[in-house]
Amino acid sequence: MISFDRFQLDNGLRVIVHNDKSTPIIAMNVLYDVGARDEHPDKTGFAHLFEHLMFGGSVNIPHYDEQLEKAGGTNNAFTSNDVTNYYLTIPKNNLETGFWLESDRMLNLAFSKKSLEVQKNVVIEEFREVYLNKPYRDAWLLLSPLAYKKHPYRWPTIGADIRHIENVTMEDTKEFYQRFYNPNNAIVTIAGPVETNKIKELSEKWFGNIPVGPPNNRKLPVEEVQTEARHLHVERDVPANAIYKAWHIPERTSKDYYISDIVSDILSNGDSSRLYIELVKKKQIFSGIDAYITGSIDPGLFIISGRLMNGISFAAAEQAINDIIKELQDSYVKERELQKVKNRIESMLVFTEIKVLEKAMNLAMFELIGDATLMNKEAEQYAIVNKNDMLSFSQKYLTENNCSTLYYHAKKTE
Amino acid sequence: MPVEINRKKAPGSKQINFRINSEPRYFQLGNGIPVYIIDKGIQEVTRIELVFKAGTYYQHHFHAAKATNKLLTAGANSYSAEDISEHFEFYGSYIETNNSKDNAYIRLYTLNKYLNETLPMLAEVVMNPVFPDHETDIYRSTRKERLYIKRQNVNYLASTHFYEQVFGSTHPYGYILEPGHLDGLGRDILAEHHKNNYRANECTIIVSGKIPMQLDDLLEKTFGSFSGANSKNRTLNVPPIITSTEKKRFIHKKDAMQAALCIGKATINRLHPDYPELSIVNTVLGGYFGSRLMKNIREDKGYTYGISSALISFHHSGLFIIFSEVGNKVLEASIEEVYKEIRKLREEPIRQKELKLVKNFLMGALMRSMDGPFEIAKRLGVVLEYGQTLDTFNHFIKKLKGISPERIQELANKYLQEDSLFLTIAGNNEA
C-alpha cells in the first residue's frame, strides 16, 4: 500500500508526493502526456528524438547533465507509444537542483542547432544498434503495421523509417514542444524522504510561473475491428525460423486487460508455464517461446512469439500454438495453476514497492491513466479474475480472425 | 504568487557526505558456512544468495560451470524440473542462477511468509541436483541455437574475440565457446563439476531484506548439514594466461550496419592498492554519461548511441575495456578519437572543475548503490569475493576526496599507454 499526497498548480501541473523515510535518495519523475501515438504518420520517431533534445540544454541552463552530476544526481528517460518519461535520483539535500533543472526545460528549451544535428545521428545509430543490426529485432517493426491499420500504434516508437528522423527540421521541434511540453500536460512525482509542504513550496517556486499551454485534445483514429486473419512472410539472414502472432485486446483500463495479463502468465511466466513445458520441454518444437501483452493505454496486443527448432515446419509450429490456445478456450484453468499466477503477481507487486524510483514512475503512470490511487487497487483487480473470465476472454479474443501472424524465415544457405 | 527567481543560478548544492557505518551481522553455520545478514528492509521480503567458487575458472570441460549452474533447477532429489519451478512460482518466489568467470550464484527472492516452503527447495537444488539426461539434451540444443544467434551480433563477436586476445584461447577467462564444446556435456561432467565445487567450504551465504526472527535457525536447519560430497582439496589445472601478440584483430561480419569495437587490456583487480583510484580515472574517461568518451564521440560527433569504459575485476586478473557500436563510415574516426582521449588523459592534468564534478557524481552514485538492503547485499557480495568488508567503500571515499589531477595523470600514464592496448573490431569493413 502506497500512501501519497496530490495537488495541482494553477497552471495545471499535477504533483504527487510519496514520503519514504527509509532512504537518503529522492526520485523525481516528470511524465509528459505525449508519445509516438501523437506523431504525424510522415514524421514518425519524433517523440523519441525529442526526448534526446530535452538534454541539449534549456535557455538558462546550457548543460543539464553536468549540473545534475555536480549535485550527485543521475537521470534517464524513455519514450513509449503513449508517454515520454524523464526521471532523476538525487541525494536528499540537493533536491532543489532537480526542480531547477526540470522546470527550466519545461519553461523554455534552447533549441540548439548543433544538438539537433548530433542527436539525429545518435538516434539513427540507436535505430541501427537496437532494431536493425541484431537478429530478429526488426520483427516489431514488421508486426506493428500488420496488426494496426489505422491507430498510430502501427509504427514503433523508434519510428517507421530512418528517413523520417533525417528529415526533422528545427520548426518541427519547436512546434512539438509548444504543443506538448506544458505544465498542464505533465505530471511530476516526488518519492523519498520529503514533506508535502516543502514540495508544494518548491513546486510553486520553480514550476508556478510556467505559462499554461493549449489543452491536449487527443483525437486518435480508432482501429477497426479485424475481421480476417493477416499473414506476412519475410526472409532474413538468421540461424532459425521464428513466428510471431498478435491478437487485439482491449485498453489498459478495461477489466479484460487484467484477464489478458493473467492468461499470458498462464502461458508463459516461469518454467512451469504451459508453453514452456509443452512446446519447449515435451514436444521440443521451439527453442524458446513467450506470451505477453503490450500493456499500452489504448487497445493493445496479446503476443506469442517463438523460435522454431531446426527441422520443424511453420505449419507444425503454428498448429502446436493453436492447440494450446484451443485448450484455453475449451477447458477451465486448474485452481492451483490460477492461484500460482496470482501469487506471483502479488509478490511482483510487493517487489515493485521497494525502490523510490519505481514507485515514483508507477504513481505517475497510474495518475495518467486515471488516478494514482489505482496503483493500490492493482492487486485486487488481479485477485478477482476467475476461471470463467479466462475462458470467455480466450474464446472472444484469441481467434484466428483477430490475429496477425509474421513468419520470419531463416535464409537458406547453400 | 510565485516569487521572483534567478533561473540562471543553480540552487546551492550541498556537499554530499556519505559513510558506511555498520558491517553486516555475521555468524557461521555448524558446518562452517559463513553467513552475512543485512537486515534493513521495510517490505516483508528476503533475498538469499549462495555464492560458490565454482565459476568457469574451476571447470575441467568447456562450459561445464555454466551448464551445471543453469541445470541445478532441472531436477533435484525426486523432484522434476517442472516440480521445482512450479513450487517456487506457486509461492510467488523467484530463483535466479548465474555463473561468472570465478563464481556460481544461486539467489532466491521470496516473501517472508513463505520462507518455510521456499528455503527447503532452495537447499534441494543446491545440494542434490541430478542433471537428468533429457534435461541436459534440451539444454544443449537450445543453447546451441542461442549461440548461433549470438554470433550474428557484432557486439558478441567483438567482445569474445577481445577476451581471447587478452587472456588466450586456452585460459578459462579467454576461450571462445564453440558449438562443438557443448556436444559432450552430459550428466557425468556436470555431476562431477557439482561434486567438486558446490561444497560447504567453497560457499558463502548473503541474506538481505527484512529478516524474520527465526531465519538463523531456519538457515542452520536447511544448510547446516551440507558438506558437499568431497571434502578433499580441489585439483585445478588452469593453463596460464597467454596474451596474444596480435594487437589488432578484425572479425568480418557480412552486411553489418554498424561495427562493434573493443579497446583495452588486462590490468590490476580489486586487490591492488591502485584500484580505487584507477576506477576514478576510468570514470573520467568513460564511466558515466558525462564522461569524456561520451561527450566527444556521442554528444559532440554523433558517431554512436553509446560508448563506455569499464574496469572489471576477476579473482586472478583484471580487465580494462572500452566498448562501443558505431556507424560503419565513422569507425576509423571513432577509434582515432578514443586514442586521442586516452592520450589527453595522460598528457594533460584534469581541470579542477571536471574533477569536482566527477567526485560529486561518484559520491552520489555510491550512495544510490547502497540504497536498500538488496543493493547493499550486492555491493557486499562483490567485495567479499576479495576478502574485503563494507569498510572498503569508506576507504574508496577517502581516496575519492583526496585524489589530485597529478595523481590521475600519473595513473593514466602507468596503466593506459596506448601502445599497450588491444583493439578488436567486428563489422563489415576493416578500419
Side-chain angles (χ1 to χ4, degrees), chain A residues 22-25 60 65-67 69-74 89-91 93-94 96-97 100 104 117-122 125-126 128-130 132-135 204-206 208-209 237-240 270-272 277 280-281 284 287-288 307 309 336 339-340 343-344 346-347 350-351 353-355, chain B residues 2-3 5 7-8 10-11 13-14 16 18 40-45 73 81-82 85-86 88-93 109 111 138 141-142 145-146 148-149 152-154 255-258 288-290 298-305 325-327 356-357 360-361 363-365 367-368 371-372 374:
Chain A
S22 74
T23 164
I25 298 285
N60 298 299
D65 284 298
E66 225 173 275
Q67 294 294 344
E69 284 155 1
K70 224 162 81 181
T74 189
T89 52
I90 194 162
N93 47 13
N94 286 340
E96 189 159 1
T97 304
W100 174 56
D104 205 53
E117 286 319 305
V118 167
Q119 293 307 321
K120 275 158 79 165
N121 285 332
V122 170
E125 291 307 327
E126 180 180 358
R128 291 189 178 126
E129 181 175 326
V130 181
L132 302 179
N133 204 29
K134 303 250 161 42
E204 282 293 349
K205 176 175 170 188
W206 292 103
N209 59 3
D237 191 8
V238 292
D271 289 354
S272 73
I277 291 292
V280 176
K281 298 291 281 292
Q284 295 177 36
S287 64
R307 278 197 308 269
M309 289 297 280
R336 183 170 162 106
Q339 197 54 50
K340 175 190 78 177
N343 288 349
R344 218 159 141 88
E346 181 202 334
S347 143
V350 175
F351 279 103
E353 289 183 7
I354 292 177
K355 307 209 77 158
Chain B
V3 281
I5 43 170
R7 288 190 176 272
K8 295 216 183 290
S13 73
K14 294 178 191 70
I16 310 152
F18 180 67
K40 269 184 185 290
I42 37 173
Q43 304 287 348
E44 293 286 342
V45 292
T73 52
E82 188 178 350
S85 45
E86 202 274 344
F88 285 123
E89 288 164 22
F90 184 78
Y91 292 106
S93 60
Y109 294 83
L111 299 177
I138 292 168
S141 59
T142 51
E145 292 272 358
R146 276 173 50 197
Y148 286 120
I149 292 165
Q152 302 286 316
N153 288 339
V154 287
D255 299 332
M257 291 177 188
Q258 285 182 315
Y288 72 119
F289 190 86
R298 174 178 146 139
E299 292 297 295
D300 186 60
K301 312 263 178 355
Y303 290 165
T304 180
Y305 178 43
E325 286 168 78
V326 302
K356 194 174 162 222
L357 186 150
N360 284 346
F361 170 76
M363 233 12 195
M367 202 165 158
R368 265 189 298 280
D371 184 20
F374 293 173

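Chain letters run A, B, ... following the sequence lines, proteins first, then strands; residues in each count from 1. The basis for the numbers below is simple: all heavy atoms, side chains too, and nothing from hydrogens, waters or symmetry mates.
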Is A:Glu346 in contact with chain B via its backbone, its side chain, both, or neither, using a 4.5 Å heavy-atom distance? side chain
Answer with side chain, backbone, both or neither: which region of A:Asp271 has an atom nearer than 4.5 Å to a non-hydrogen atom of chain B? both
Counting heavy-atom pairs under 4.5 Å with chain A, the top scorer among B:Glu145, B:Glu86, B:Gln258 is B:Gln258
Any chance you could measure A:Ser272, atom OG, to B:Phe90, atom CZ, to the nearest 0.5 Å? 11.0 Å
Quick check on B:Lys301 against chain A: is it the side chain, the backbone, both or neither that has a heavy atom closer than 4.5 Å? backbone
Given A:Ser22, A:Pro24, A:Gly270, A:Pro135, the one with more heavy-atom pairs under 4.5 angstrom with chain B than any other is A:Pro135
Pick one of side chain, backbone, both or neither for A:Lys281, based on which atoms fall under 4.5 Å of a heavy atom in chain B. both
Sort A:Asn94 into side chain, backbone, both or neither according to what part of it lies under 4.5 angstrom from a heavy atom of chain B. side chain
With chain A as the partner, which of B:Asp300, B:Val326, B:Asp255, B:Thr304 has the greatest number of non-hydrogen pairs under 4.5 Å? B:Asp300
Among B:Tyr109, B:Tyr91, B:Phe88, which residue has the highest count of heavy-atom pairs closer than 4.5 Å to chain A? B:Tyr109
Donor-acceptor check, side chain of B:Gln43 to backbone of A:Glu353, threshold 3.5 angstrom: yes or no? yes
With respect to chain B, which residue among A:Glu96, A:Arg128, A:Lys134, A:Glu129 yields the maximal number of heavy-atom pairs within a distance under 4.5 Å? A:Glu129
Which residues pass the ring-ring contact (aromatic ring centres under 6.0 Å, His included) test with B:Phe361, sequence neighbours left out? B:Tyr288
Check whether any side-chain heavy atom of A:Pro239 sits under 4.5 Å from a side-chain heavy atom of B:Gln152, and report yes or no. yes
Please flag which part of B:Glu82 lies under 4.5 Å from any non-hydrogen atom of chain A: side chain, backbone, both or neither. both
Less than 4.5 Å apart, any side-chain heavy atom of B:Tyr148 and any of A:Ser287? no
Please check this pair: side chain of B:Asn360 against backbone of A:Lys70, looking for a donor-acceptor N/O pair closer than 3.5 Å. yes
Of the listed B:Gly327, B:Ala10, B:Ala365, the one with the largest count of heavy-atom pairs under 4.5 Å with chain A is B:Ala10
Contact origin within A:Glu69 toward chain B - heavy atom pairs under 4.5 Å: both
Can you measure from NZ (B:Lys14) to OG1 (A:Thr97) and round to the nearest 0.5 angstrom? 8.0 Å
Check whether A:Arg307 gets within reach of chain B through its side chain, its backbone, both or neither, counting any heavy atom under 4.5 Å. side chain
Residues that B:Arg368 engages under salt bridge (Lys or Arg N to Asp or Glu O under 4.0 Å), provided they are two or more places apart: none
Can you find a pair of side-chain heavy atoms, one from B:Glu44 and one from A:Val350, that are under 4.5 Å apart? no
Distance in Å, A:Asn133 CG paired with B:Asn153 CG, rounded so as to fall on 0.5 Å steps: 8.0 Å
Under 4.5 Å to a heavy atom of chain A? For B:Ile149 that would be both
Pairs of heavy atoms under 4.5 Å with chain B: top-ranked of A:Val118, A:Leu132, A:Val238: A:Val118
Do B:Glu325 and A:Glu125 make a side-chain contact, defined as non-hydrogen atoms from C-beta onward lying under 4.5 Å apart? no
Heavy-atom distances under 4.5 Å only: say whether B:Tyr303 touches chain A with side chain, backbone, both or neither. backbone
Please flag which part of A:Gln67 lies under 4.5 Å from any non-hydrogen atom of chain B: side chain, backbone, both or neither. side chain
Do you know which of A:Val122, A:Val280, A:Ile354 has the most heavy-atom pairs under 4.5 Å to chain B? A:Val122
So which part of B:Lys8 gets closer than 4.5 Å to some heavy atom of chain A, the side chain, the backbone, both or neither? both
Tell me, side chain or backbone of A:Glu117 under 4.5 Å from chain B's heavy atoms, or both, or neither? neither
Check whether A:Arg344 reaches the backbone of B:Ser93 with its side chain - one donor and one acceptor, N or O, closer than 3.5 Å. yes
A:Trp206 versus B:Ile5: any side-chain heavy-atom pair under 4.5 Å? yes
What part of B:Met257 lies closer than 4.5 angstrom to a heavy atom of chain A: side chain, backbone, both or neither? both
Rounded distance [0.5 Å steps], CZ in B:Arg7 versus CG in A:Asn209: 5.0 Å
Engaged part of B:Thr73 at the chain A interface, taking heavy atoms whose separation is under 4.5 Å: neither
